[in-house]
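Since the structure comes first, as structure tokens, the remarks are kept for the end.
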Amino acid sequence: MASEKNLQELFHETLKDIYFAEKKILKALPKMAKAAQSEDLKSAFEKHETETEEHVARLEKVFEEIDESPSGKTCDAIIGIIEEGQEVMKEFRGTPALDAGLLAAAQAVEHYEIARYGTLKTWANELGLKQSMELLEETLSEEKKTDDALTKLAENEVNQHAQAA
Ligand SMILES: [Fe+2]
């Protein structure tokens, strides 16, 4: 094999991917909060924006533990997911289904993050990065809670409203 790539490198690359993604999400959330019609959905987005700032800070500590400086690597997956959300905002503006579309876009983002953090946490454990593992676990559980809160919001309020027209 020409170059021996190992788990540590894969961990670093994936860390760059989610760091890029979190920063994109940080920019997208205020726009989503502004577009949301439901006050509850708006505040769910605002709350997650504050949490996302913390997610970025935690990732910076993980970079520190592996002696790397924080940097992002273009993540086409998150760009695509966010673009889909923007399309929904445009196409459903002023309609009762807008919030259901925004919520669905936000859940796609959360699911991407849950996949990434789940993997990174497992790798951190295998690499013996104890502090990183704990930091990644904390963020993972916040992403899961956000996803659950969005599901409840969809079931209790947003989807009904979308059907009301
Ligand atoms: Fe996050």
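In listed order, ligands and their atoms are each counted from 1.
Among the backbone and side-chain atoms of Glu143, an N/O/S atom is found under 2.8 Å from the Fe ion (ligand 1). Coordination check, Glu51 versus the Fe ion (ligand 1): failed, since every N/O/S atom of the residue sits at 2.8 Å or beyond. Distances from the Fe ion (ligand 1) show that Glu142 has no N/O/S atom below 2.8 Å. Distance check for His48 against the Fe ion (ligand 1): none of its N/O/S atoms falls below 2.8 Å.
The backbone N or O of Gln37 sits less than 3.5 Å from a side-chain atom of Asp99, completing a donor-acceptor pair.
With salt bridges taken as basic N to acidic carboxylate O contacts below 4.0 Å, none links Lys145 and Glu142.
The line from CE of Met32 to CD of Gln86 is 9.0 Å long, rounded to the nearest 0.5 Å.
When rounded to 10 degrees, the angle formed at the Fe ion (ligand 1) by OE1 (Glu22) and OE2 (Glu113) equals 70°.
The only option from Leu15, Leu7, Thr14 that meets the side-chain contact (heavy atoms from CB on, under 4.5 Å) definition with Phe11 turns out to be Leu15. Among His55, His111, Arg116, the one residue that satisfies the side-chain hydrogen bond (donor to acceptor under 3.5 Å, both in side chains) test with Glu143 is His55.
Among the heteroatoms counted here (N, O or S) of His55, ND1 is the one nearest to the Fe ion (ligand 1).
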